[in-house]
Amino acid sequence: MTSLRKACRNCTASKRKCIIQVPKCTRCAQRGLQCTYDLEPLSAPVAQLKDTPQLTWNPWASEAPGYCLLRRIQTRPGNIDPAICRPGHESTLEVLRLGYQSVQSLLRSGKPALFVHSKLQLHGNHNYLEPLVKSETSLDYEGFMRLAKLDIGALPIKEALTALQALTIYLANFALDGQDVEGFLDLLVEWSQALLASAQTRMPLEHSPWQTWLFGESVRRTIVMSYALAMAINSFTNGYCTYWMFLESLPFDRRAGLWVAESPQAWIANAGVRHGEEVGEQLISFHEFGQSHHKPGDDFWGDSFLSLVAISHGSMVAENTCGN
């Protein structure tokens with residue numbers, strides 16, 4: 001598989017080590033530089049900053065099969081490229097069930113969910129997740145349509161985060177109910193790109209290290225899971241993992257125990273430090289995490305996001321594979 005760049009443009013041009021963070025790597029943040037991550041192969045030339053604007057990569061432009069989210073499936077004949085997903089395979093729906101179906105119930109019980117944390121403070125902002133958390137009945141299609149008409153680019157970043165989270169939950173549940181959501185995948189990708197753009201320039205100043213970390217990790221996980229959803233639906237329908245290259249490059253904090261912490265004290269203790277300011281961020285790409293060694297039975301402190309990434313990336317062999 002083609003290796004992706006693991007440094008921003010500034011660090012690549014300066015031949016310096018890049019400590020990847022969102023919205024800026026450590027070196028760019030210290031120097032007040034614009035920070036842009038390329039999504040090109042290592043063999044591609046480094047473009048000049050003035051020649052290539054940020055966030056111009058369009059995931060829809062790539063139709064070639066890629067490194068598949070569902071390559072863990074062992075029922076596929078050996079002579080078929082694992083990068084190609086069989087359309088209509090039930091394993092896609094199983095990934096959706098594992099990844100998205102429990103989000104609402106966990107939030108209602110006050111527990112951290114896959115990509116939404118119940119303890120993230122969003123006071124004073126419109127929270128588009130609230131109707132989904134409060135409702136224990138079937139999803140409101142009219143509420144979904146009102147949500148889909150939002151101009152996410154005009155929203156403050158906190159509202160944009162909850163809007164994308166709500167859109168992702170709606171589409172995942174509709175897909176599990178057998179509804180056709182392909183027509184909304186463009187919108188899902190558009191909103192994900194808008195949130196990523198906002199994260200590069202408009203990250204809010206939080207009141208504590210824990211809340212700052214929670215918000216940053218919520219943005220990262222939401223973008224990962226929105227692209228994973230779009231890729232799963234696309235592979236189920238067409239047999240192609242359209243978004244693989246972008247998904248593989250997306251970062252998150254791999255430290256098990258931090259996301260499941262429900263208090264700043266537990267968060268600090270699970271990080272193995274003495275003060276919140278020492279926790280920081282230790283980011284790893286989807287690809288790098290998937291390629292790292294995991295043992296069957298690893299539960300990552302109960303962090304379902306890390307478990308799902310490990311399983312779906314194919315780096316951890318599941319004991320119960322899908323049937324023929």
Exercise. Between the main-chain N or O of Leu132 and the side-chain N or O of Gln104, is there a donor-acceptor pair closer than 3.5 Å?
Worked result: yes

Exercise. Can you find a heavy atom in the side chain of Gln193 that is under 4.5 Å from one in the side chain of Ile223?
Worked result: no

Exercise. Could you state the interatomic distance from CZ (Phe215) to NZ (Lys158), rounded to the nearest 0.5 Å?
Worked result: 6.5 Å

For this session: Start with the C-alpha distance between Leu120 and Gln211, add both sets of side-chain angles, then the distance that settles side-chain contact (heavy atoms from CB on, under 4.5 Å), and finish with yes or no.
Result: CA-CA 6 Å; Leu120 179 61; Gln211 286 295 308; 3.6 Å; yes

Exercise. Hey, mind stepping through Trp213 and Asp253 against side-chain hydrogen bond (donor to acceptor under 3.5 Å, both in side chains) and telling me if it holds?
Worked result: CA-CA 10 Å; Trp213 185 91; Asp253 201 317; 3.0 Å; yes

Exercise. Just by distance, do the side chain of Tyr170 and the backbone of Tyr141 share a donor-acceptor pair under 3.5 Å?
Worked result: no

Exercise. Centres of the Phe252 and Phe305 rings: under 6.0 Å?
Worked result: yes

For this session: Grab the two heavy atoms, one from Gly257 and one from Trp301, that are nearest each other, plus how far apart they are.
Result: CA-CE3, 3.4 Å

Exercise. Hey, are Glu262 and Lys111 close enough for a salt bridge, meaning a charged N less than 4.0 Å from a carboxylate O?
Worked result: yes

Problem set entry | Any donor-acceptor pair under 3.5 Å from Asn173 side chain to Ile169 backbone | yes

For this session: Output yes when a side-chain donor or acceptor of Asp180 lies under 3.5 Å from a complementary backbone atom of Glu182, and no otherwise.
Result: yes

For this session: Please step through side-chain contact (heavy atoms from CB on, under 4.5 Å) for the pair Val309 and Phe286, ending with a clear verdict.
Result: CA-CA 7 Å; Val309 171; Phe286 187 102; 3.9 Å; yes

Exercise. Cluster question for you: counting only ILVMFWY and a side-chain heavy-atom cut-off of under 4.5 Å, with indirect links fine, are Leu106 and Leu176 together?
Worked result: no

For this session: Would you give the length of the straight line joining atom CD of Gln101 to atom CG of Leu114, rounded to the nearest 0.5 angstrom?
Result: 12.5 Å

Exercise. CD of Glu288 to CG of Leu283: how many Å apart, nearest 0.5 Å?
Worked result: 10.0 Å

Problem set entry | Pairwise side-chain contact, Trp191 with Ser226, heavy-atom cut-off 4.5 Å (strictly under) | no

Seminar exercise, completed: Here the pair of heavy atoms bringing Thr222 nearest to Ser218 is OG1-O, 2.7 Å

Exercise. Do side-chain atoms of Arg255 reach the backbone of Val279 as a donor and acceptor pair under 3.5 angstrom?
Worked result: yes

Exercise. What are the two closest heavy atoms between Ile233 and Ala175, and how far apart are they?
Worked result: CD1-CB, 4.3 Å

Exercise. Can you find a pair of side-chain heavy atoms, one from Met225 and one from Tyr100, that are under 4.5 Å apart?
Worked result: yes

Exercise. Looking at CG of Leu258 and CD of Glu281, how far apart are the two atoms once the value is rounded to the nearest 0.5 Å?
Worked result: 10.5 Å

For this session: Please report the closest heavy-atom contact between Val224 and Pro251, naming both atoms and the distance.
Result: CG2-O, 4.3 Å

Exercise. Is there side-chain contact between Lys119 and Trp210, with heavy atoms separated by less than 4.5 Å?
Worked result: yes

Exercise. Less than 4.0 Å between a side-chain N and a carboxylate O, is that true for Arg221 and Asp303?
Worked result: yes

Exercise. Given the side-chain rings of Phe144 and Phe174, with only the six-membered ring counted for Trp, is the space between their centroids under 6.0 Å?
Worked result: yes

Problem set entry | Close side-chain approach of Leu188 and Leu164, heavy atoms under 4.5 Å | yes

Exercise. Are the side chain of Thr162 and the backbone of Glu159 linked by a donor-acceptor contact shorter than 3.5 Å?
Worked result: yes

For this session: Check the hydrophobic clustering (I, L, V, M, F, W, Y; side-chain heavy atoms under 4.5 Å; chains of links allowed) and say if Leu187 and Phe115 are grouped together.
Result: yes

For this session: Could you give me the CA-CA distance, side-chain angles and deciding distance for Trp267 and Leu214, then say whether side-chain contact (heavy atoms from CB on, under 4.5 Å) is met?
Result: CA-CA 10 Å; Trp267 175 71; Leu214 275 184; 6.0 Å; no

Exercise. In Å and rounded to the nearest 0.5 Å, what is the OG to CG distance from Ser198 to Leu155?
Worked result: 9.0 Å

Exercise. Is there side-chain contact between Phe184 and Leu167, with heavy atoms separated by less than 4.5 Å?
Worked result: no

Exercise. Which atom names give the shortest non-hydrogen contact between Cys8 and Cys18, and what distance separates them?
Worked result: N-SG, 3.3 Å

Exercise. Side chain of Gln165, backbone of Val116: donor and acceptor closer than 3.5 Å?
Worked result: no

For this session: To the nearest 0.5 angstrom, please state how far the CG atom of Leu129 sits from the CG atom of Leu122.
Result: 8.5 Å

For this session: For Ser285 and Leu250, run side-chain contact (heavy atoms from CB on, under 4.5 Å): C-alpha distance rounded to whole Å, both residues' side-chain angles, the deciding distance at 0.1 Å, then the answer.
Result: CA-CA 5 Å; Ser285 72; Leu250 292 175; over 6 Å; no

Problem set entry | Aromatic contact, His287 with Phe289 (centres under 6.0 Å) | no

Exercise. So, Asp140 and Arg146, do they make that salt bridge, N to O below 4.0 Å?
Worked result: yes

Exercise. Distance-only, no hydrogens or angles: does the His117 side chain make a donor-acceptor pair with backbone N or O of Val260 under 3.5 Å?
Worked result: no

For this session: Search all heavy atoms of Ala199 against all heavy atoms of Val219 and return the closest pair with its distance.
Result: CB-CG1, 3.9 Å

